[in-house]
Amino acid sequence: MSGEGHMRSEDQKEVKSMKFPEGFFWGAATASYQIEGGIENNDWAEAGRNAKVPPAGIAADSWNRFREDFDLARNLHQNAHRFSLEWARIEPEEGKFDSNAIEHYREVIRELKKRGLEPFVTIWHFTLPLWFSHQGGFLNPKAPEIFSRYCKHIIRELSNEAHFWMTINEPEVYASNGYLRGTWPPFRHNPLALIRVTNVLVKSHILAYKKMKAANAGIFIGIAKNNMDIEANWNPFFKIVAKFMNWFWNERFLDNTKDALDFIGLNHYIHKKFGVSHKEEATDIGWPIFPKGIYNCLSKLKKYRKPIYITENGLADAKDIRRERYIKDYLRWVWWAIKEGADVRGYFYWSLIDNYEWAHGYAPRFGLVEVDYKTQKRTIRQSVIAYADTCKLNELKP
Ligand code: BGC
């Protein structure tokens, strides 16, 4: 780990009394396609059948085993949980909503609340129903209408069950992997399409927000935003690149939607310093470990004057040798950001259980809980005890 990523000296002094604000939400996050299993009618399942990405199959079978998963979260002293709804299950045909799927998710939310876990619901986490992807997905001019109709239906049916809702997970990650890098459906390499999709996602969120609030003014609506910590070395060219990237990747969506956001969800994983070759310790999938990055991101989000929930942060660590330190180091910087005025109200580790890591398949192990995919046996990882203590005490111990 680079020197910069370590604690400041004052931080070391304070380490014994790192209390978090009262009512802080502690939890972990998941997403439907990554854990539920048995989903065949979305764009990722189709790409799996065409051998363009690994098939997800029955995943961690959480469609059936969600109660067991929530017991684990409760046993780890969590008091909140972030999960997502599968659009293809709820609207399997255009405009036709499946009431069994809605009832399933109603049950999911109720089972969370029974265990004292506050539900944070993501309405759309990357996967599209086939009928929508076949109509061009978010390049379809009607996409904002189609997406907001789905969101409105959800709120009409389920908003009495939960208070916290996120429309979209990681707009720029979705758009860049699908339309520029071409590693995710629909596998395009087209910068113009990337820009168009990001614009349509802004419009889709704003329209969805209006319709959702009209259906239930009392709910709290946000976005799970993929912000990176971006900086540059001394080189003026790299400084300009970093400034542009910071605007495009971190700020553009928020600047355009800030009047339609009750809170910001921060998903943070990546630190990038232009002009400096990577020298930090890395996770199993090569992502740099740089705890101060989360502090930098939170500090920059202060200007939006919105409550912030860290809706994802975590690492792939199959051997479970870095997880405990990782969580503590990132949380220390979260604590510092709060101390310096960032209105952070919750932290969700990614992920509660091992799951389908998109184009990487099942090899990366992000879970607090290990899943044996042959038997579906869940085993709490050793490293996680310290995080469970933090959740229990609402305080970070050294
Ligand atoms: C996504 C998750 C993903 C995680 C780790 C985020 O980009 O929201 O779906 O599994 O990061 O890559």
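As the structure lists them, so they are numbered: ligands from 1, and atoms in each ligand from 1.
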Answer yes or no: are there more than 12 heavy-atom neighbours, outside R149 itself, under 6.0 Å from its atom CZ?
yes
For side chain to side chain contact (heavy atoms under 4.5 Å, CB included), just list the numbers for L72 and R378, CA-CA rounded to whole Å, side-chain angles, deciding distance to a tenth of an Å, and then say yes or no.
CA-CA 9 Å; L72 289 162; R378 273 78 164 139; 3.7 Å; yes
Identity and separation of the nearest protein heavy atom to atom 7 (O) of ligand 1
E170 OE1, 2.5 Å
Could you grab the distance from atom OG1 of T379 to atom CD of E370, nearest 0.5 Å is fine?
5.0 Å
Contact with ligand 1 for Y174, non-hydrogen, under 4.0 angstrom
no
What's the shortest distance from atom 4 (C) of ligand 1 to any protein heavy atom, and which residue and atom give it?
Y269 OH, 3.4 Å
For H125, is at least one N or O under 3.5 Å away from an N or O on ligand 1?
yes
F220/W165 aromatic ring centres below 6.0 Å
no
Heavy-atom distances under 4.0 Å are what count here, so tell me which part of Y356 touches ligand 1: side chain, backbone, both or neither.
neither
From the candidates E357, H268, E312, the one that places a heavy atom nearest atom 6 (C) of ligand 1:
E312
Might you work through the salt bridge (charged side-chain N to carboxylate O under 4.0 Å, His left out) test for E251 and K303, ending with a clear yes or no?
CA-CA 11 Å; E251 295 182 336; K303 69 175 180 191; 2.9 Å; yes
If the plane angle is over 60° it's perpendicular, under 30° parallel, otherwise tilted; pick one for W44 and Y33.
tilted
If we set the cut-off at 4.0 Å for heavy atoms, which region of N226 has an atom near ligand 1: side chain, backbone, both, or neither?
neither
Report yes or no: is the cationic atom of K272 (NZ for Lys, CZ for Arg) under 6.0 Å from the centre of the six-membered ring of F274, at an angle within 45° of the ring normal?
yes
Check: N355 N/O within less than 3.5 Å of ligand 1 N/O:
no
Ligand-residue contact atoms, ligand 1 with Q34, heavy atoms, under 4.0 Å:
2 (C), 3 (C), 9 (O), 10 (O)
